[in-house]
Visitor: 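Below you will find the structure I want to go over with you.
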Amino acid sequence: MAACRSLVCQWPRYLRRPTSVGPLARFGQPRVPSQPFQSIRRGYASISAAELKFGQPLHETHPHLLDPGELTPGITALEYAHRRSRLANKLPKHAVAVLSAAEVTYRASGIFNVYRQDSNFFYLTGFNEPNALAIIVNDGSGNNHLFHLYCREKDPKAELWDGARSGTQAAIDVFNADESGDIERISDILPRVLADATEIYTDIPAFNPGRSSLHRFLYGPTGTSEKLKKLVDHNKVKPLRPILNEMRAFKSEEEVVQLRRVGQASGRAFTEAMRHTFTGEKDLTSFLEYNFKINGCDGSAFVPVVAGGSNALSIHYTKNDDILKDGEMVLVDGGGEIGTYISDITRTWPINGKFSDAQRDLYNAVLNVHRSCVSLCRESAGLSLDRLHMIAENGLKDQLQQLGFDVSGDAVRTLFPHHLGHYIGLDVHDCAGYSRGYDFKAGQCITIEPGIYVPNDDRWPAHFRNIGIRIEDSVCIGDDNPIVLTTEAVKEVDDIEALRD
């Protein structure tokens, strides 16, 4: 058998795995099922790891995408195991966490959209296929947990159409599940797994009475959903998201490195776009997304905003189908994605490469506030995103007053209608529901994005009307200094103008 020692170099004791080999090496040693529903079909002693087909890239099959030890780009199998252990330790003894994979969505009948895994499921498993269920059990020992991963079994006929699946054997040997099984039999498996749970932490709607089921595949035959509802004491069901938000809000060193990697690639794409003159928003959009990919990104993290002229007054303008006019500015909000980690950048620059006097003055007003806020992205500052937003509002008020704006009443909130920032990570708006009122702690990653959007209204100085400017960077909170993740996207006036010289 080919050597397959790359996925994990050292395993914590609680995994009960051999410490001298990675999980793929275990394909030659199929584990004896410890439970009646565990699906172990065969060993792979006669097949090299590079010849095996999985539902996602691995180092053995895609060494150009993943380094040794990585289960997904930048993140090792060992880190995923640590995450599951941390979660289990946050649960009461003999409680379970239940998570389901994202469904495939369709643009039209038989025409599917690009698949993106549920972020919480991905965070704990690294498994990037649909129709899967993960269960993490606090076994009560204090030093151990059990990980169940139920997924689609290998099926040559289905894989002919939809591509390779990892299967239940790989769920154990690659993704380090203690137990696996065919998701099609989940209605038989779940009652046994959940029977002794003291509490069930989940965000799957079907576990809550009166709410619709989330995945048809989860319940098998008609009526199984009702059986599940009868099985579960709903007084035991607790929300899982708040616990995972607390975990995901603080990035590991490996996650920060990955966010810096995608920030660097995305920033370079922005700077390259600023070098060129475009006549249409669509052309600039295509150029930016192409450069995300050639710089190493999997694609765009979200539909970019490419807003020329007064289109920039719409915060989430995404039509991107207008003409770019000489003498106006273009606001571009976008970012790439690598291994499901994202970048979020906004830059605003003159379409012809040279700022007019009014454009320069308003741009520098926003930039001054942006710089000041970025410098405060450190734990020692004792701030939160909400408090930093108030500092940004006051800073913009001072800057605008110097430019002749009437800043009385609600002026600043009219000109700056959105929040200064949000958390980032696996999602563009990461950790949904996690308060922006919490004090900064090292390891949190956020955006800083002050902006000014001047309507065509007599209330505002004429030479600034119809100009929208936003400057945004992705930033990691440090102990005493911020870590700007997107520095490759230039933002100084002289640097932007020099790109066309």
Side-chain angles (χ1 to χ4, degrees), residues 74 119-120 123 241-242 244-267 270 301-302 304-305 315-316 332-338 340-347 366-396 416-451 470-489 491:
S119 295
N120 282 337
Y123 178 79
R241 183 177 297 277
L244 286 174
N245 277 349
E246 287 285 346
M247 292 176 60
R248 286 178 51 193
F250 298 92
K251 273 52 180 182
S252 68
E253 182 178 342
E254 289 81 3
E255 287 182 289
V256 174
V257 169
Q258 186 70 356
L259 288 166
R260 176 69 183 103
R261 178 186 174 196
V262 68
Q264 182 180 64
S266 302
F270 266 80
F302 53 95
V305 173
I315 309 304
H316 288 157
V332 180
D333 185 349
E337 177 177 286
I338 300 177
T340 313
Y341 285 89
I342 67 92
S343 180
D344 194 357
I345 303 171
T346 306
R347 293 292 185 265
V366 177
L367 182 60
N368 289 339
V369 173
H370 175 84
R371 285 199 209 99
S372 176
C373 289
V374 168
S375 71
L376 293 171
C377 291
R378 45 193 168 83
E379 185 172 336
S380 59
L383 296 171
S384 66
L385 258 175
D386 281 342
R387 288 200 291 276
L388 192 55
H389 175 83
M390 298 303 297
I391 291 172
E393 281 192 341
N394 291 332
L396 289 171
F416 177 39
H418 58 78
H419 202 281
L420 176 68
H422 52 81
Y423 301 102
I424 58 166
L426 289 173
D427 293 315
V428 179
H429 289 180
D430 210 39
C431 304
Y434 189 75
S435 175
R436 288 186 278 208
Y438 294 140
D439 285 353
F440 288 149
K441 299 294 182 183
Q444 293 177 320
C445 294
I446 61 174
T447 64
I448 295 295
E449 47 183 306
R470 182 163 69 251
I471 305 171
E472 174 185 20
D473 278 302
S474 298
V475 183
C476 180
I477 305 298
D479 292 316
D480 297 307
N481 294 289
I483 303 168
V484 181
L485 303 167
T486 49
T487 56
E488 283 71 17
K491 59 189 173 189

Visitor: Indicate the atoms forming the closest heavy-atom contact of Cys431 with Ala249, along with that distance.
Guide: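 Looking at all heavy atoms of both residues, the closest pair is SG-N, 3.6 Å.
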Visitor: Where is the tightest heavy-atom contact between Gly451 and Phe416, given as atom of each residue plus distance?
Guide: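 That would be O-CD1, 3.3 Å.
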Visitor: Measure the CG-NE2 distance between Asp344 and His422 for me, rounded to the nearest 0.5 Å.
Guide: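 Between atom CG of Asp344 and atom NE2 of His422 there are 4.5 Å.
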Visitor: Less than 4.5 Å apart, any side-chain heavy atom of Ile448 and any of Asp473?
Guide: no
Visitor: Could you tell me whether the side chain of Met390 reaches within less than 4.5 Å of the side chain of Glu393, counting heavy atoms only?
Guide: yes
Visitor: Check whether any side-chain heavy atom of Leu259 lies under 4.5 Å from a side-chain heavy atom of Ser474, and answer yes or no.
Guide: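 A side-chain contact is absent here, since even the closest heavy-atom pair is not under 4.5 Å.
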Visitor: Return yes if some donor-acceptor pair links the side-chain N/O of Gln264 with the main-chain N/O of Arg261 below 3.5 Å, else return no.
Guide: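 No; zero donor-acceptor contacts below 3.5 Å.
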Visitor: Ignoring hydrogens, what is the shortest heavy-atom contact between Ala489 and Ile345? Give both atom names and the distance.
Guide: CB-CG2, 4.1 Å
Visitor: Heavy atoms, side chains only, cut-off 4.5 Å: are Leu420 and Glu449 in contact?
Guide: no
Visitor: When you compare the side chain of Arg436 with that of His389, does any pair of heavy atoms fall below 4.5 Å?
Guide: no
Visitor: I need the Ile391 CD1 to Leu376 CG distance, nearest 0.5 Å.
Guide: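 It comes to 5.5 Å.
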Visitor: Of all residues at least two apart in sequence or in a different chain, which pass the salt bridge (Lys or Arg N to Asp or Glu O under 4.0 Å) check with Arg378?
Guide: none
Visitor: Pair Leu388, Cys377 - check side chain to side chain contact (heavy atoms under 4.5 Å, CB included), show working.
Guide: CA-CA 9 Å; Leu388 192 55; Cys377 291; 4.2 Å; yes
Visitor: Counting C-beta onward and ignoring hydrogens, is there a side-chain heavy-atom pair between Ile342 and Glu337 closer than 4.5 Å?
Guide: yes
Visitor: With sequence neighbours excluded, tell me which residues meet salt bridge (Lys or Arg N to Asp or Glu O under 4.0 Å) with Asp430.
Guide: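 Checked Asp430 against salt bridge (Lys or Arg N to Asp or Glu O under 4.0 Å); matches are Arg248, Lys251.
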Visitor: Starting at OH of Tyr123, measure out to CE of Met247 and round the result to the nearest 0.5 Å.
Guide: 4.0 Å
Visitor: Show the nearest heavy-atom pair for residues Thr486 and Ser343, with the distance to one decimal.
Guide: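 Looking at all heavy atoms of both residues, the shortest contact is CG2-OG, 3.4 Å.
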Visitor: Would you sort out whether Asp386 and His419 count as a side-chain hydrogen bond (donor to acceptor under 3.5 Å, both in side chains), showing the intermediate values?
Guide: CA-CA 8 Å; Asp386 281 342; His419 202 281; 2.8 Å; yes
Visitor: Is there a donor-acceptor pair under 3.5 Å between the side chain of Tyr423 and the backbone N or O of Ser435?
Guide: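 Yes, Tyr423 side chain to Ser435 backbone: donor-acceptor pair under 3.5 Å.
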Visitor: In chain order, what residues pass the side chain to side chain contact (heavy atoms under 4.5 Å, CB included) check against Ser375, with sequence neighbours excluded?
Guide: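 For Ser375 there are no side chain to side chain contact (heavy atoms under 4.5 Å, CB included) partners, ignoring immediate neighbours.
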Visitor: How far apart are the closest heavy atoms of Val428 and Phe302, and which atoms are they?
Guide: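 In this case the closest contact between Val428 and Phe302 is CG2-CD2, 3.5 Å.
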Visitor: Give the intermediate values and the outcome of side chain to side chain contact (heavy atoms under 4.5 Å, CB included) for residues Leu385 and Tyr438.
Guide: CA-CA 8 Å; Leu385 258 175; Tyr438 294 140; over 6 Å; no
Visitor: Report the distance from atom CD1 of Ile315 to atom NE2 of His418, rounding to the nearest 0.5 Å.
Guide: 5.0 Å
Visitor: Do any N or O atoms from the side chain of Arg241 and from the backbone of Asn120 form a donor-acceptor pair under 3.5 angstrom?
Guide: no
Visitor: Roughly how far apart are Leu485 CG and Gln258 CD, rounded to 0.5 Å?
Guide: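 Leu485 atom CG to Gln258 atom CD measures 11.5 Å (nearest 0.5 Å).
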Visitor: Backbone N or O of Glu379 within a donor-acceptor pair of the Asp439 side chain at under 3.5 Å?
Guide: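 Not at all, since once roles are kept as given, no pair shorter than 3.5 Å links the two residues.
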Visitor: Rounded to the nearest 0.5 Å, how far does CG of Asn394 lie from OG of Ser372?
Guide: 11.0 Å
Visitor: Heavy atoms only: give me the nearest Pro450-Leu396 pair and the separation to one decimal.
Guide: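 Heavy-atom minimum between the residues: CB-CD1, 4.5 Å.
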Visitor: Might you work through the side chain to side chain contact (heavy atoms under 4.5 Å, CB included) test for Thr487 and Arg260, ending with a clear yes or no?
Guide: CA-CA 9 Å; Thr487 56; Arg260 176 69 183 103; 3.6 Å; yes
Visitor: Looking only at atom types and distance, does a side-chain atom of Ser266 sit under 3.5 Å from a main-chain N or O of Gly336, one as donor and one as acceptor?
Guide: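 Yes: the side chain of Ser266 pairs with the backbone of Gly336.
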